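The figures here come from the full heavy-atom set of this structure, side chains too, leaving out hydrogens, waters and symmetry mates. Everything numeric here is computed off the predicted structure, so don't read it as measured data. The sequence lines fix the lettering, A, B, ..., with proteins before strands; numbering per chain opens at 1.
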Amino acid sequence: MPRYNPAAIEPKWQAYWEQHATFAAPKMPTGPKLYALDMFPYPSGDGLHVGHPEGYTATDIVCRAARMQGKSVVHPMGFDSFGLPAEEHAIKTGVHPRIQTEKNISTFRRQLKSLGFSYDWGREIATTDVAYFKWTQWIFLQIYDTWFDAELQKGRPISELPIPDGVQAAGADAVRDYQDERRLAYQSSAPVNWCPALGTVLANEEVIDGKSERGGHPVVRMPLRQWMLRITAYADRLEKDLDGLDWHDGIKALQRNWIGRSTGAEVYFTLPGVQDVLVPDEEGTTESLFVTTEIRIEESLDIYTTRPDTLFGATYMVIAPEHPLIDRLTKKEEAAKVQAYREQAARKSDLERTELSKEKTGVFTGSYAVNPVNDEHVPIWVADYVLASYGTGAIMAVPAHDERDFEFAKQFGLPIEAVVDPGDALPPAERNEVLDGRRYFGGEGVAVNSGKYNGLRTAEFKRKIIADLEEQGVGREAVNYKLRDWLFSRQRFWGEPFPILHELDAAGEKTGRVRAVPEDQLPVDLPHLDDFKPHGRPEPPLDKAPDEWLYPTIDGVKYKRETNTMPQWAGSCWYYLRFLDPTNTQAPIDPAIEKAWMPIDLYIGGAEHAVLHLLYARFWHKVLYDRGVVSTVEPFQKLVNQGMILGENNEKMSKSRGNVINPDEVVKEYGADALRLYEMFMGPLEATKPWNMNGVNGVRDFLGRAWRMIVDDRAEEMALSPAITDDAPNADELRVLHKTIKAVTEDVAKLSFNTAIARMMEFTNFFTKQERRPRACMEPFVLLLSPFAPHAGEELWQALGHAKSLAYEPWPKFDESLLIESSIELAVQVNGKVRGKINVAADADNGTILATAKAEPKVAEQIAGKTLTQEKVVPGRLVIFAVK
RNA sequence: GGCCGAGUGGCGGAAUGGCAGACGCUCUGGACUUAAAAUCCAGUGGGGGGCAACCCCCGUGCGGGUUCGACUCCCGCCUCGGCUACCA
């Protein structure tokens, strides 16, 4: 086999590795451990994309090098295989989603194997495996069985929830209600994003610009019973624990931003004693809005603000259209307008609410609230720029110091009163505009028009007024989060069924009580369905399941199963744990194994998962930690996001742009090693970079050069190049070798693969020119190359006379002393410009070097007749003179 | 609008205070060959000078600053990309 022929050697070594289980990881690490994880793919029908092998090759290089460095390495792969496309395919063709999913998984598995990744395939899992999602359901039950103890900041078993005496006295049902309201998994009927075209509700993050992320179908809001996970309880810990993680600051910032912690105050605006108000009828609907009476209102209108120092500038209030007090605050004269506005707001999708944001909308309720700091009566408006789901759903509007309030006030002619003097923060003209109420200023400054607080700086004002509000019982310090509880149910077929049963009464109606499926009855598998079509109503497809699945009886009580399914995120929230103990039938993972392998030392994947997947998985992990299932606080110690690979035209790869590169074709044309090497050589792992097929050809040529450096490519049979010698290498050869070992070793540790490859190219360029190539240099080089181009590495290793795979050969070590050259060239700078070069012995002392440099004719010319103000030697690099 | 990242030859990139452009692609020339492919060798930021080995000037998005010295650090902008968006 004279010529470098990847088509022959790559399948050969893939078969060898499989046959010898070369990369099977031990159950427990036997020394220093490395858990390197790729974000497992969704097995789409399109097959592997060139973006996949980018991160996968990076972790594979790290793993292969680590094995040679004596580490116990676990490097698994699996499939995130629940998801909409398979179900949509099923709806179209009538073929069960599992069949399509398994077909896609086979394709992915074949493609991944063709790239020579050193996965332990014995650990492969798919989230759609019944044996896997049994434990996804089990974890859901743990979450369901947990309440969050705010004092201890810890999730605890629901059985440990203290029950107040009053609730206890009210009976068992009251206790159950009390518990159910506090579980981390709970039901709620908040408005959701209903997408008629997909026949499902979507999470906020699956809605982009009021359209579904998948398919771009219109989305409307409607109330529906849903399962929610109380991720907000963990907001603080999710934010604080980011500190200890070895993640890029940008990704941490993204998560912090998403959690969106803010501190401020809740302030209670009292509502005047007696008002004409509208009274809702008994059902709490607004049918009988026009019935009016006089009642005494004792509530206050509570608002949240991050700027309690601007309380004196509050000239009106705004409540969200969904605010609970809205009916009671709406006066008769305004009722029709308010009602119309509410209906209009309810109809609006998020898109419309934001798209029309240029124009603020709202109506006056007719009511007033009393500002606790100055007893002024301020009008209460309804506007959809205030969100019901954030803070208290109501704000005090300070138009002088908030952009949105300012726009609204201008639109409706409401007063604007400045209470913060920007001082030097703005040019004088703009400052005066602020003080006159013609411009808003959102920054910090000095208080004005604020009674006894005048003259205080913002930060101090905040501290003081919060204390005063608390003392008077009209407010308190408060913390808020942008993060919302996680809408966890989907009206789909192809997802994990909830292990939850709804109790039925004698008439077959739901009693409103639910219970968990007993642990010994897990898993709850998906039932047989005759067809998968959604019916265009929000009820899930599982409502069409056969009765024997849908209506189980336990202890004589009849139940209806929960027919929602879990979202795709569920399976990926804990797959990294299952990889460590994939066949355990007693537990999701053996605690001893978890303790030994976790946390993940390197997690690589696309930035598109920087927020949601990572946040959700971290949340589950923390619940599992609190419940004693895992020993680690955080799952992903080090995270790296690989950059996007663009098409050859510098645009995002997509079918419609026609610039998609198919990895199979690259493997066929150039080989898997060339594909791997090219993806690593393109540029830094985290950078976005365009594909260039000439570049693939270039690294393939490099592999050919490396091949010919060692192998006689004209021989009929496999034979070493006649230049290979058993002679001892000379000093130059040793220096090049050890320089290469050092650079590649350090670059791999830094994940700087492009520069590591450049150093290996330099090695090859050097030795190709040598007519004598010592085996003692070639062998370490092959070992260095092998993590990048494993098939070529193995083949060359074999050619050099080794019978066994190089996968566990010791990684070459470098010797600093061999890196030193006998004489070195130094550049000489005068006033920052290179004026000459000198050659000195490598061990020359500074005095000798400076003298040599001064004697260099061009340097001498530059410094002649001037005063030398500085002279310095940068070891091994250059000599510096500064003259005047 | 906010946050994050990035701007260096024809192209991908290297250098994170010390010889800008490593390494590769592209292109050009040469060797080998009947020829081509493959391979090998050499050159390849711009401008200017010299018969010549070589020499000089300019050059890392733009404008300032710090420094003997800045792609690198600081201040102010511009452009592109990603994420996010009324969160009070």
Considering heavy-atom distances to RNA chain B, does Ser752(A) or Tyr481(A) have its closest nucleotide positioned more toward the 5' end?
Ser752(A)
Could you work out which one of C23(B), C19(B), C86(B) sits closest to the side chain of Asp384(A)?
C86(B)
Tell me whether the rings of Trp569(A) and Tyr616(A) are parallel (<30°), tilted (30 to 60°) or perpendicular (>60°).
perpendicular
How far does the C1' atom of C62(B) sit from the matching atom of G7(B), given to the nearest Å?
11 Å
pair_partner(C71(B)), Watson-Crick or wobble, both distances < 3.5 Å, evaluates to none
Candidates A88(B), U26(B), C19(B) - which lies nearest the side chain of Asn694(A)
U26(B)
The side chain of Leu254(A) lies closest to which of these nucleotides: G24(B), A15(B), C83(B)?
C83(B)
Rounding to a whole Å, what distance do you find between Lys750(A):NZ and A14(B):C1'?
11 Å
Say we look at G9(B) and G46(B): how far apart would their P atoms be, to the nearest angstrom?
12 Å
Name the closest nucleotide to the Thr305(A) side chain, picking from A88(B), G18(B), U26(B).
A88(B)
Answer with base, sugar-phosphate or nothing: what part of the nucleic acid does Asp713(A) contact at a heavy-atom distance below 4.0 Å?
nothing
Closest of A88(B), C3(B), C25(B) to the Asn257(A) side chain is C3(B)
May I ask you to decide if the ring planes of Tyr440(A) and Phe406(A) are parallel, tilted or perpendicular, using 30° and 60° as cut-offs?
tilted
Is the ring pair His609(A)/His613(A) parallel, tilted or perpendicular, if the boundaries are 30 and 60 degrees?
perpendicular
What's the CZ-P distance between Arg877(A) and A20(B), to the nearest Å?
11 Å
Could you tell me whether Asp701(A) and Arg708(A) have a side-chain N and a carboxylate O separated by less than 4.0 Å?
no
Gap between atoms CD and P, on Glu679(A) and G24(B) respectively (whole Å):
20 Å
Have a look at Leu677(A) and tell me which of Phe788(A), Tyr670(A), Phe753(A) forms a side-chain contact (heavy atoms from CB on, under 4.5 Å) with it.
Phe788(A)
If you measure from the P atom in G82(B) to the same atom in G69(B), how many Å do you get, rounded?
40 Å
Between C74(B) and C4(B), how many Å separate the two P atoms, rounded to a whole number?
14 Å
So, Tyr481(A) and Asp236(A): side-chain donor and acceptor under 3.5 Å apart, yes or no?
yes
Considering just the side-chain nitrogens and oxygens of Asn831(A), establish if one lies under 4.0 Å of OP1 or OP2 belonging to U67(B).
no
Would you mind classifying the nucleic acid contact of Gln870(A) as base, sugar-phosphate or nothing, using non-hydrogen atoms under 4.0 angstrom?
base
Between Arg759(A) and Glu762(A), is there a side-chain N and carboxylate O pair less than 4.0 Å apart?
yes
Base-pairing assignment for C27(B) (Watson-Crick or G-U wobble, both under 3.5 Å)
G43(B)
Considering only heavy side-chain atoms of Trp258(A), the closest of C23(B), A85(B), C19(B) is A85(B)
Classify Asn765(A) by what it touches in the nucleic acid, base, sugar-phosphate, or nothing, heavy-atom distance under 4.0 Å.
sugar-phosphate
Watson-Crick or G-U wobble partner of G7(B), both distances under 3.5 Å
C78(B)
Looking only at side-chain N and O atoms, does Ser262(A) offer a donor or acceptor that is under 3.5 Å from a partner on Asn480(A)?
no
Applying a 4.0 Å non-hydrogen cut-off, can you work out what Gly698(A) is touching in the nucleic acid: base, sugar-phosphate, or nothing?
sugar-phosphate
Which base sits across from C19(B) as a Watson-Crick or G-U pair, both distances under 3.5 Å?
none
P atoms of U44(B) and C54(B), separation to the nearest Å
12 Å
Per atom distances to the Phe681(A) side chain, the nearest of A88(B), G24(B), C86(B) is G24(B)
Could you give the CE-to-P distance, from Met682(A) to A14(B), as a whole number of Å?
13 Å
Using atom C1' of each nucleotide, how far apart are U16(B) and C86(B) to the nearest Å?
40 Å
P spacing across the pair C41(B) / C55(B), given as an integer number of angstrom
26 Å
Measure CZ/Arg835(A) against P/G69(B) and give the value in whole Å, please.
13 Å
Of A88(B), C23(B), U26(B), the nucleotide closest to the side chain of Arg759(A) is C23(B)
salt_bridge(Asp712(A), Arg714(A)) N-O dist < 4.0 Å
no
Would you say Arg708(A) places a side-chain N or O within less than 4.0 Å of OP1 or OP2 belonging to C40(B)?
yes
Testing G5(B), C23(B), A88(B) for proximity to the side chain of His248(A), the answer is G5(B)
Rounded C1' spacing from A15(B) to C71(B) in Å
8 Å
Apply the test salt bridge (Lys or Arg N to Asp or Glu O under 4.0 Å) to residues Glu746(A) and Lys750(A): give CA-CA distance (whole Å), side-chain angles for both, the deciding distance (0.1 Å), then the verdict.
CA-CA 6 Å; Glu746(A) 291 173 355; Lys750(A) 286 188 296 191; 5.8 Å; no
Please determine, for U66(B), whether a Watson-Crick or G-U wobble partner exists with both distances under 3.5 Å, and give it or none.
none
Would you say the base of C19(B) and the side-chain of Lys837(A) have a donor-acceptor pair closer than 3.5 Å?
yes
Opposite nucleotide pairing with G1(B), Watson-Crick or G-U, both atom distances under 3.5 Å:
U84(B)
Is a donor-acceptor contact shorter than 3.5 angstrom present between the side chain of Gln829(A) and the base of G69(B)?
no
Here the distance between atom C1' of U39(B) and atom CZ of Arg700(A), to the nearest Å, is 13 Å
RNA chain B: Pro684(A) or Lys652(A), which has the more 5' nearest nucleotide?
Pro684(A)
Rounded to whole angstrom units, what separation is found between the CD1 atom of Ile849(A) and the P atom of C19(B)?
16 Å
With the side chain defined as heavy atoms from C-beta on, Asn692(A) is closest, among G18(B), C41(B), C25(B), to C25(B)
Looking at G13(B), does its base get a donor-acceptor pair with the side chain of Lys689(A) below 3.5 Å?
no
Classify Lys769(A) by what it touches in the nucleic acid, base, sugar-phosphate, or nothing, heavy-atom distance under 4.0 Å.
sugar-phosphate
Taking syn as a glycosidic torsion within 90° of 0 and anything else as anti, which one is G9(B)?
syn
Whole-Å distance between C25(B) C1' and Glu648(A) CD?
12 Å
Between G12(B) and Asn754(A), is there an OP1 or OP2 to side-chain N/O distance shorter than 4.0 Å?
no
Does C40(B) have OP1 or OP2 under 4.0 Å away from a side-chain N or O of Arg705(A)?
yes
For A37(B) and Arg3(A) - does any side-chain N or O of the residue sit under 4.0 Å from the phosphate oxygens OP1/OP2?
no
Ignoring backbone atoms, establish whether Ser262(A) has a side-chain N or O less than 4.0 Å from OP1 or OP2 of A88(B).
yes
